[in-house]
Amino acid sequence: MKHKKTKRFQWWVGLLLVLMMLVLPTLIQKGQLFEGADDQATREIESHHPDFVPWIKPLLTPASPEIESLLFSVQAAIGTGIISYIFGYWHGRKYEKN
Amino acid sequence: MKEKLYLVGIVSLLLWFVPQQVYGMHIMEGYLAPVWCISWVIVCVPFLRHGYKEINKMVQDEIEVKMFLAMAGAYVFVLSALKLPSVTGSCSHPTGTSLGTILFGPSVMSILSLLVLIFQALLLAHGGITTLGANTFSMGIVGPIVTYLTFKLVCKSGGSSKLGVFLGTMLGSVMTYVVAALQLALAWPDATNGFLGAFEKYLGIFALTQIPIAVSEAVLTVLILEAMLPHMSTTFLSKTGFLKGGFKSDEA
């Protein structure tokens with residue numbers, strides 16, 4: 001039982017570590033724009049090849065950065081929903097067995 | 001050997017602090033000439049065929065396998081949607097492909113990644129339909145292969161499975177973007193320094209930002225696998241690439 005408790009504790013510490021690793025950059029690099037990398041990459045290409053025009057454009061583009069954030073959130077939410085459902089199923093199954 | 005591996009693991013964690021200004025994501029629509037778009041699609045085809053056959057088998061298998069497959073897909077789905085800040089001052093995406101790779105091997109990840117990429121290209125204008133071949137190759141094929149090989153190597157060298165997952169995820173994630181840099185350098189060789197010069201530049205641009213993201217992703221994947229482990233039946237464990245890859249189930 002004690003073994004399980006330390007494992008759980010370690011797990012939560014691990015999760016805290018992950019969250020810190022995700023939040024810290026915003027604190028360390030104050031003033032940085034944290035732009036999306038694809039924007040920066042396209043800028044890099046365009047700076048070296050000023051005559052370049054993308055030969056095709058995406059069919060659908062989000063109307064604004066906020067809409068883009070919404071769509072990313074929806075994507076993350078769908079995935080999280082599936083993961084949570086499955087974990088919930090397993091959790092419930094544990095009690096059913098007992 | 002085990003100690004050396006742990007040292008590598010710790011150094012990898014410290015790499016989180018290292019990088020400076022850079023970027024890393026999928027190749028955008030229209031930024032790869034048609035000849036490259038088609039070439040990368042052709043390269044992907046054999047892997048996708050194999051992946052499709054594997055997934056077909058799994059979908060006809062028991063519900064437990066399907067659940068883990070759904071988990072693997074959902075994990076890629078979630079992580080690809082997250083733009084995570086990096087110590088370099090910019091953002092990048094984790095790949096999320098390592099969970100599925102460690103469970104099932106790299107073959108099915110090509111299909112799962114393709115599906116996620118299609119979704120993002122169509123609805124979010126992120127990545128592209130023309131660049132699907134290139135992006136699938138980097139994220140769905142090379143990344144998972146690197147992850148799986150690293151995982152197997154670490155486990156067979158006596159390292160713990162957790163370490164295998166950690167290093168495999170990290171390397172796979174970084175390699176995904178190394179390949180992306182390679183693809184861009186091939187398509188846009190530098191005027192003065194040619195392919196190598198461009199590769200070096202895009203490597204800096206793409207792969208360096210990815211390193212701290214890869215570390216975070218690696219820790220997260222270890223955590224989620226640990227959480228999933230008690231729910232795997234022995235039949236599942238024996239069927240999948242997990243045990244074959246050398247995962248020691250007694251470590252649960």
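A note on names: the letters A, B, ... follow the listed sequences, proteins ahead of strands, and every chain is numbered from 1. These numbers come from the heavy atoms of this one structure, side chains and all, not from hydrogens, waters or symmetry mates.
- Nearest heavy atom pair, residue A:Gly79 against residue B:Ala74, reads O-CB, 3.5 Å.
- Distance CG/B:Leu223 to CH2/A:Trp12: 10.0 Å, rounded to 0.5 Å.
- Separating the CD atom in B:Gln120 from the CG atom in A:Leu71 is a distance of 10.5 Å, to the nearest 0.5 Å.
- The greatest number of non-hydrogen atom pairs below 4.5 Å with chain A, out of B:Ala81, B:Ala218, B:Ala121, is found for B:Ala81.
- The two residues B:Val219 and A:Met21 come nearest to each other via the heavy atoms CG2-CE, 3.7 Å.
- Residue B:Leu123 touches chain A through both its backbone and its side chain, counting heavy-atom pairs closer than 4.5 Å.
- A heavy-atom distance below 4.5 Å is found between the side chains of B:Val116 and A:Gln75.
- The CD1 atom of A:Ile83 sits 8.0 Å away from atom CG of B:Leu99, with the distance rounded to the nearest 0.5 Å.
- The CG atom of A:Leu22 sits 8.5 Å away from the CG atom of B:Leu82 when rounded to the nearest 0.5 Å.
- The aromatic rings of B:His126 and A:Phe72 sit perpendicular, their planes meeting at an angle over 60°, well past the 30° parallel limit.
- Of the two parts of B:Leu79, neither the backbone nor the side chain holds a non-hydrogen atom closer than 4.5 Å to a non-hydrogen atom of chain A.
- Between chain A and the options B:Glu29, B:Met228, B:Glu226, B:His231, the largest number of non-hydrogen pairs under 4.5 Å is found for B:His231.
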side-chain contact (heavy atoms from CB on, under 4.5 Å) between A:Ile82 and B:Met71, worked out: CA-CA 7 Å; A:Ile82 295 173; B:Met71 274 287 227; over 6 Å; no
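- Within the structure, the ring-ring contact (aromatic ring centres under 6.0 Å, His included) test picks out the following pairs touching residues 61-82 of chain B (sequence neighbours left out): A:Trp90-B:Phe68, B:Phe68-B:Phe236, B:Phe77-B:Phe119.
- Residue contact with chain A, scored on non-hydrogen atoms closer than 4.5 Å, involves the backbone of B:Ala33 exclusively.
- In this structure, the side chains of A:Glu68 and B:Lys83 come closer than 4.5 Å at one or more pairs of heavy atoms.
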